[in-house]
Protein chains: 2
Amino acid sequence: MKKKRPTLYDVAKEANVSIATVSNVLNNKDEASAETVKRVNEAIKYLGYSRNESARSLKSGESKLIGLIVPDNNPFFTEILDGIQEECEYYDWQVVVANSEESEKKQNQLIGLLSAQQVSGIILAPVSHTLGPLKMIENAPMVLIDREVENMKLSVIKADNIDGSFKATKTLLKNGHKRIGLILASPGISTTVERRQGYIDALNSQNIKVDDELIQFGGNYTGTKAQMNGGYQAVMNMMKLPSPPTAIFATNHLLMMGAVKAIKELKLRIPTDMSFIGFDDHPWQEISDPTFTIVAQPAFEMGRQAVHALHKLKSSEEVISTSLPLQLIIRESCGTVK
Amino acid sequence: MKKKRPTLYDVAKEANVSIATVSNVLNNKDEASAETVKRVNEAIKYLGYSRNESARSLKSGESKLIGLIVPDNNPFFTEILDGIQEECEYYDWQVVVANSEESEKKQNQLIGLLSAQQVSGIILAPVSHTLGPLKMIENAPMVLIDREVENMKLSVIKADNIDGSFKATKTLLKNGHKRIGLILASPGISTTVERRQGYIDALNSQNIKVDDELIQFGGNYTGTKAQMNGGYQAVMNMMKLPSPPTAIFATNHLLMMGAVKAIKELKLRIPTDMSFIGFDDHPWQEISDPTFTIVAQPAFEMGRQAVHALHKLKSSEEVISTSLPLQLIIRESCGTVK
DNA sequence: GAAATTAACTAAAACGTTTAAGTCACTTTG
DNA sequence: CAAAGTGACTTAAACGTTTTAGTTAATTTC
């Protein structure tokens with residue numbers, strides 16, 4: 001079954017040199033004669049030798065792995081992963097993907113497990129506003145993605161949520177809506193705070209009073225089903241109000257699906273009876289009926305930049321903070337108010 | 001920035017014992033007195049010690065990592081990843097996720113990189129019918145997922161594609177359809193072969209002749225956009241036929257979306273003008289209008305079972321082959337023929 | 001033409017574990 | 001009461017690399 005892999009020593013014996021020379025050849029250290037290089041390379045090929053990265057990483061204190069900790073394997077983070085993988089190819093890193101399931105305890109455990117693996121760095125989408133005992137983050141360079149934490153100067157690659165939310169809300173306002181329902185995820189993460197802020201800023205800019213009953217948190221629970229259900233309940237709650245909203249803005253993909261489900265169940269038609277703006281673009285939104293206006297996140301790019309930031313952090317201790325612009329894609333789901 | 005982590009040696013010094021004793025305590029070897037165990041554990045806590053997995057894996061020849069190689073980061077494989085992660089928690093493994101982008105060359109490279117990392121095993125969704133030089137697979141135990149390869153007795157966890165496809169086709173036939181368009185992915189993978197077979201079996205069972213023009217391969221290209229486009233083109237081609245299909249069966253998620261897009265562009269209504277069955281269930285299919293009848297794959301369960309099969313393979317050299325049943329979920333998208 | 005430099009190597013230590021093989025002071029056994 | 005065990009340790013080797021500090025012979029320098 002599992003054969004013993006050849007080692008440097010085997011190659012050295014085959015090529016009649018010392019293991020140091022083989023190592024030099026492998027690392028292009030330019031200290032061997034052309035003839036020796038050739039002989040060593042032939043031996044490597046003949047034996048099918050490849051490095052043992054465990055040994056290397058023991059020696060160097062660092063593996064060629066980076067850790068990615070996401071709170072959920074949803075399409076948004078999958079696209080981020082895609083970007084991360086693409087950029088990692090350049091640095092010759094592999095990605096260990098772990099799921100914190102929005103649990104702080106699990107997140108901290110995972111940070112521990114990953115740094116035990118001697119990962120070269122960690123890309124983290126934190127589950128809350130704060131990071132636990134700093135001890136852990138001393139072990140591996142860390143870059144935050146999508147979400148920020150308070151009081152720490154860490155590199156973070158995120159979206160400009162305030163602006164994205166502002167633009168979406170403004171669009172609804174321009175279409176004449178005065179009562180706009182906002183469906184947010186958990187209040188414990190920075191994206192929620194920012195998306196709420198953008199909404200409030202937009203209302204303020206038109207001198208419309210913020211009605212807290214129109215702001216619902218649908219993401220207090222974890223897991224796909226629960227988040228969808230959060231969006232569903234949020235709509236149900238809002239529509240029971242004496243003066244229900246004429247438009248709804250759902251600030252993530254799962255909340256959006258739950259919300260649309262509720263709207264459908266209530267036999268309200270989009271955009272005729274209800275205007276709707278969602279978050280996170282996905283192909284199906286282009287083919288659904290109606291097609292959905294959404295705030296699109298540059299998830300792939302975020303992934304790429306996070307890897308880049310990690311590398312920067314490692315090579316020059318430089319802390320990078322980027323807010324990438326969000327794009328409002330107008331489709332059919334928001335009309336003018338009746 | 002990066003602090004040196006304490007080692008066994010530091011703990012040993014702190015607790016006034018040898019490193020062997022510390023190691024024994026760490027591994028619950030039951031060779032130390034209760035008092036010593038306590039002292040060692042205190043030292044571990046005090047110093048914030050945790051194992052260096054690189055050293056362990058150098059010694060043991062095996063890391064606590066497993067590799068997952070997918071051809072694409074799509075929702076299907078993401079759900080598989082979810083299942084893999086859940087099951088890995090039990091075995092205390094972490095998952096390195098790599099993307100072969102449906103390229104055989106890349107796939108083989110990745111197998112090499114992962115086994116260089118001394119992964120405990122590899123879960124692979126192969127990009128073609130054959131596996132390259134066997135040399136590679138001797139290095140790490142391997143379990144195939146979703147797709148099979150020829151002439152190799154490897155563990156494989158897959159879906160019963162023939163039956164799933166048979167059931168879907170049969171349903172369309174029962175509804176009176178005689179010309180059913182089939183949209184397949186790349187002919188180079190086993191799922192395509194099987195889904196085609198199920199379709200043919202169903203037609204044969206009703207004595208309906210197979211028309212090759214109704215079988216389109218939409219997945220010869222790689223990448224999300226390209227696959228969707230493949231589905232789109234497939235529909236466009238079929239609808240140009242003198243006698244176009246009255247129903248379409250798209251055999252994966254991306255092809256389905258492309259196909260629906262084309263149908264929409266052609267101003268055909270589902271299910272009034274065209275019946276439709278898709279593949280892979282996703283929440284949006286429940287809220288779209290119409291809702292879609294689909295063949296659902298137990299992706300999460302496949303992930304779990306793959307990890308389990310890997311463990312079985314390692315512990316007892318037992319090769320497991322499983323075909324999990326597919327479920328046809330009937331919704332609104334397929335009606336009776338006019 | 002002796003001293004210094006260079007090219008092409010090699011020997012050995014080190015990274016942090018695990019483990020086989022001791023050691024030593026006490027029991028236990030027959 | 002000598003032999004054999006046992007409990008609680010320790011020593012040192014080994015895993016496969018990288019790297020520092022040599023070594024040796026050939027070549028350059030003045």
Side-chain angles (χ1 to χ4, degrees), chain A residues 2-41 43-44 47-65 92 113 115-120 139, chain B residues 2-41 43-44 47-65 92 113 115-120 139:
Chain A
K2 191 159 156 190
K3 258 218 215 137
K4 200 180 153 302
R5 312 178 50 166
T7 71
L8 266 195
Y9 181 79
D10 300 317
V11 177
K13 207 164 56 180
E14 180 73 25
N16 250 303
V17 290
S18 72
I19 60 168
T21 298
V22 179
S23 177
N24 281 335
V25 171
L26 273 169
N27 298 308
N28 302 310
K29 281 270 171 59
D30 244 12
E31 309 227 320
S33 68
E35 213 239 310
T36 307
V37 171
K38 186 164 161 258
R39 224 170 51 242
V40 168
N41 281 326
I44 287 173
L47 295 171
Y49 169 84
S50 72
R51 284 187 173 101
N52 179 324
E53 290 292 341
S54 297
R56 287 189 97 192
S57 96
L58 169 59
K59 192 87 232 293
S60 67
E62 177 174 324
S63 68
K64 299 179 95 48
L65 301 169
D92 201 15
L113 286 174
S115 58
Q117 290 287 353
Q118 313 294 114
V119 291
S120 293
N139 286 321
Chain B
K2 192 161 158 188
K3 259 220 215 137
K4 199 180 153 300
R5 311 178 51 165
T7 71
L8 266 195
Y9 181 80
D10 299 317
V11 177
K13 208 165 52 178
E14 179 73 25
N16 249 303
V17 289
S18 72
I19 58 168
T21 299
V22 179
S23 177
N24 281 334
V25 171
L26 274 168
N27 298 309
N28 302 311
K29 281 270 170 59
D30 244 11
E31 308 227 320
S33 69
E35 214 240 310
T36 306
V37 170
K38 186 164 159 260
R39 224 170 51 242
V40 168
N41 280 326
I44 287 172
L47 295 171
Y49 169 84
S50 72
R51 283 186 174 99
N52 180 323
E53 291 292 341
S54 297
R56 286 189 98 191
S57 97
L58 169 59
K59 191 88 231 293
S60 68
E62 176 173 322
S63 69
K64 298 179 95 49
L65 301 169
D92 201 16
L113 287 174
S115 58
Q117 289 287 353
Q118 312 295 115
V119 291
S120 292
N139 286 321

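Within every chain, numbering begins at 1; the chains are lettered A, B, ... in the order of the sequence lines, protein sequences first and strands thereafter.
- Within the structure, every side-chain polar atom (N or O) of B:Arg5 is placed at least 4.0 Å from both OP1 and OP2 of C:dG16.
- Comparing D:dC9, D:dG16, C:dT17 by their nearest atom to the side chain of B:Tyr49 picks out C:dT17.
- Side-chain atoms of A:Asn41 do not come within 3.5 Å of backbone N or O of A:Lys38 as any donor-acceptor pair.
- Atom pair A:Glu53:CD and D:dT18:P shows a separation of 9 Å (rounding to whole Å applied).
- With D:dT17, C:dT17, D:dG16 as the candidates, the nucleotide lying closest to the side chain of A:Leu58 is D:dG16.
- Near DNA chain C, meaning a heavy atom under 4.0 Å from it, residues 7-22 of chain B has B:Thr7, B:Leu8, B:Ile19, B:Ala20 in order of number.
- The residue among B:Ala34 and A:Lys59 whose nearest nucleotide of DNA chain D is located toward the 5' end is B:Ala34.
- A:Ser33 comes within 4.0 angstrom of sugar-phosphate atoms only, judged by non-hydrogen atoms across all strands, and of no base.
- Of the possible donor and acceptor atoms, one in the side chain of B:Arg5 sits under 3.5 Å from a partner among the backbone N and O of B:Ser50.
- Look at CZ on A:Arg56: it is 17 Å from P on C:dG16, rounded to the nearest Å.
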Any chance you could list the contact pattern along nucleotides 21-27 of chain D? Use B for base contacts, S for sugar-phosphate-only contacts and - for none, protein heavy atoms under 4.0 Å, 5' to 3'.
-> -------
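- For the helix from C:dG1-D:dC30 to C:dG30-D:dC1, the angle separating the two terminal helix axes comes to 40°, with each axis derived from five pairs and the value rounded to 10°.
- Of the N and O atoms on the side chains of A:Gln118 and A:Ser63, not one donor lies less than 3.5 Å from an acceptor on the other residue.
- Residues A:Leu26 and B:Ala32 each lie close to DNA chain D; by heavy-atom proximity, the contact nearer the 5' end of the strand is made by B:Ala32.
- For the pair A:Asn24 and D:dT18, the criterion of a side-chain N or O lying under 4.0 Å from OP1 or OP2 is not met.
- Rounding to the nearest 0.5 angstrom, the gap separating the CD atom in A:Glu31 from the OG atom in A:Ser23 is 10.5 Å.
- Atom-to-atom, CG of A:Asn52 to C1' of C:dT17 comes out at 14 Å; the value is rounded to the nearest Å.
- One interatomic measurement links the two molecules: NZ of A:Lys64 to P of D:dG16, which rounds to 20 Å at whole-angstrom precision.
- As judged by a 4.0 angstrom heavy-atom cut-off over every strand, B:Thr36 is placed among residues touching the sugar-phosphate backbone only.
- Distance A:Leu47 CG to D:dG16 P: 14 Å, rounded to the nearest Å.
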